[in-house]
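Per chain, numbering begins at 1; letters A, B, ... match sequence-line order. Computed from heavy atoms alone, side chains included, the values below leave out hydrogens, waters and symmetry copies.
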Amino acid sequence: MDSLNKYKEVWQNQGIENPLDKNSLNKLIHKRSSSIVKWIFYVSLFEFGFVLLLNLIIPTDWEQYKTYGLYHFMIGVSVFGYALTLLFIFLFYKNYKNISVHESTKDLMQNILNTRKTVKYYILINLIFIAFALFYSFYVIFNSEEYESLMTNLGENGPILLWSIVVFAILFVVGIMFLFYSLLYGLLIKKLNKNYKELTEEV
Amino acid sequence: MNSELEINFIKELETNQNIIHKVCKAYTNNQDDHNDLFQEISIQLWKAYDKFRGESKFTTWMYRVALNTAISLYRKSKKRIPTDELFPNSKELTYEEYDDTKEKQLDSLYQAIHRLTDIEKALVLLYLEDKSYKDIALCLGISEVNARVKMNRTKVKLKELLNPI
């Protein structure tokens, strides 16, 4: 006989030291949840807000863009940016709604990780998009008539140096943002990732 | 403003709260975390209750939600809502307080369970509750064969923890 069987009886017959009454239980279920899904949702909302804010901040002076010939490009950037955000809000909401605590543990974890993946793609696409828009804008500005004299005054290596600074600055900002998000989510789903790996490991 | 659904739920929760206590005791190491997890499981159960269709036993469904919360949704946080008001007598409790003769056995069982991984804990809890392999596989979302193999390994580990050589 399995030596663990004797523990079954002890386990099943264990009493509760201090059961809660109906009143306490009622109070309890109306407290705020601290579930990881809720935190992923909050962090994502913050990200949506942040990227929206960036989209609003970057294209400010339309007249200025006209002088540089960036007007149409910036219109395109804004439209694309908002369309992307709307698409991802829809995808994210759909994923979030799919998370249900009474499905199997594996499905639940898979759905949470999918939600996380959607947000990751959203951030990644946005960062690439912002980097591209900034890069292109600088390219057009540096090649405009107004900057022609400046570029000439900088001497032979001037433009290369200027571009190096611009590229470095863009990569630095994008890198920092990516690290920040990775760290934030990394901390949030560290336990989940570990458990998911263990559960889905084939034997 | 208590709806009929809420009254029914609270009744079920009161009757079966020992399931949540067992899960909390297996997954946490102190009373504060225990209360915290208990609260989170109760909230998750209530949020999902209107979708409970009775296709499984209420207690099996409760186990599933409780384990899912402990394994996937719960994060220990340093900042937590004070639970004194909700668990007025919790300070008097310790895990060691059992006056029956099986006290030691249960105590060493919990001590061994605490040394298992989150997934292994789930397997052991379902085993101790005498759930079938079909139910265990369904609950965790893995194949029955996989559940059996994982369970056998976990049982070996548990036995070693209970009876160290």
message: For a 4.5 angstrom cut-off between non-hydrogen side-chain atoms, does A:I36 reach B:S72?
response: no
message: Could you measure the distance from the CG atom of A:N5 to the OH atom of B:Y127? Nearest 0.5 Å is fine.
response: 4.5 Å
B:Q44 (side chain) donor-acceptor with A:V101 (main chain) under 3.5 angstrom: no
query: Which one, A:K38, A:E198, A:K194, leads in non-hydrogen pairs under 4.5 Å with chain B?
result: A:E198
statement: Minimal heavy-atom distance between B:L138 and A:S104, with the atoms involved, is O-CB, 3.3 Å
- request: Provide the closest heavy-atom pair for B:K11 versus A:K22 in the form atom of the first, atom of the second, distance.
  value: CG-CE, 4.0 Å
query: Contact part of B:I113 toward chain A, heavy-atom cut-off under 4.5 Å: side chain, backbone, both or neither?
result: side chain
message: Heavy-atom pairs under 4.5 Å with chain B - which of A:L108, A:L199, A:L192, A:V37 has more of them than the others?
response: A:L199
message: Would you compute the distance between atom OG1 of A:T105 and atom CD1 of B:I119 and round it to the nearest 0.5 angstrom?
response: 7.0 Å
query: What distance do A:K31 atom NZ and B:E40 atom CD have between them, rounded to the nearest 0.5 Å?
result: 13.0 Å
field: Nearest-0.5 Å distance that lies between atom OG in A:S24 and atom CD in B:Q17
entry: 9.0 Å
statement: The interface call for A:N195 against chain B, heavy-atom contacts under 4.5 Å, is both
message: How close do A:K8 and B:L128 get, counting heavy atoms only, and between which atoms?
response: CG-O, 3.9 Å
message: Could you measure the distance from the OG atom of A:S35 to the CD1 atom of B:I43? Nearest 0.5 Å is fine.
response: 9.5 Å
message: Would you say that more than 12 heavy atoms from the other residues, nucleotides or ligands in this model lie under 6.0 Å from the CZ of A:F135, or not?
response: no
message: Give me the atom names and distance for the closest heavy-atom approach of B:Y74 to A:K191.
response: O-NZ, 2.9 Å
- request: Measure distances from B:A70 to the heavy atoms of chain A and classify the residue's part below 4.5 Å as side chain, backbone, both or neither.
  value: backbone
Under 3.5 Å: donor-acceptor pair, side chain of B:Q105, backbone of A:Y7: no
query: If you measure from NZ on A:K27 to OG on B:S42, what distance do you get to the nearest 0.5 Å?
result: 14.0 Å
- prompt: In terms of heavy-atom proximity below 4.5 Å to chain B, should A:Q110 be classed as side chain, backbone, both, or neither?
  reply: neither
statement: The interface call for A:L113 against chain B, heavy-atom contacts under 4.5 Å, is neither
query: Can you say whether A:L25 sits under 4.5 Å from chain B via the side chain, the backbone, both, or neither, judging by heavy atoms?
result: both
- request: Please work out which of the three classes, parallel, tilted or perpendicular, describes the rings of B:W46 and A:H30, given edges at 30° and 60°.
  value: perpendicular
message: Does any backbone or side-chain atom of A:S100 lie under 4.5 Å from a heavy atom of chain B? Answer side chain, backbone, both or neither.
response: neither
- request: Could you look at A:L188 and say if it's the side chain, the backbone, both or neither that has a heavy atom under 4.5 Å from chain B?
  value: both
Pick from B:L67, B:N163, B:D130 with the largest number of heavy-atom pairs that fall under 4.5 Å of chain A: B:D130
- request: Examine distances only and state if a side-chain atom of B:K22 and a backbone atom of A:Q14 form a donor-acceptor pair shorter than 3.5 Å.
  value: no
- prompt: Does a sphere of radius 6.0 Å around CH2 in A:W11 hold more than 12 heavy atoms from other residues, nucleotides or ligands, not counting ones at 6.0 Å or beyond?
  reply: yes
- request: Output the option from B:L140, B:I142, B:L13, B:L125 having the highest count of non-hydrogen pairs under 4.5 Å with chain A.
  value: B:L140
task: Side chain from CB out, backbone as N, CA, C, O: work out which of these in B:Y63 comes under 4.5 Å of a heavy atom of chain A, or both, or neither.
output: side chain
field: Heavy-atom side-chain contact between B:F38 and A:L28 under 4.5 Å
entry: yes
- line: All heavy atoms of A:H102 vs all of B:V65, minimum pair found to be CB-CG2, 3.9 Å
- prompt: With a 4.5 Å limit on heavy-atom distance, are the side chains of B:L162 and A:L4 in contact?
  reply: yes
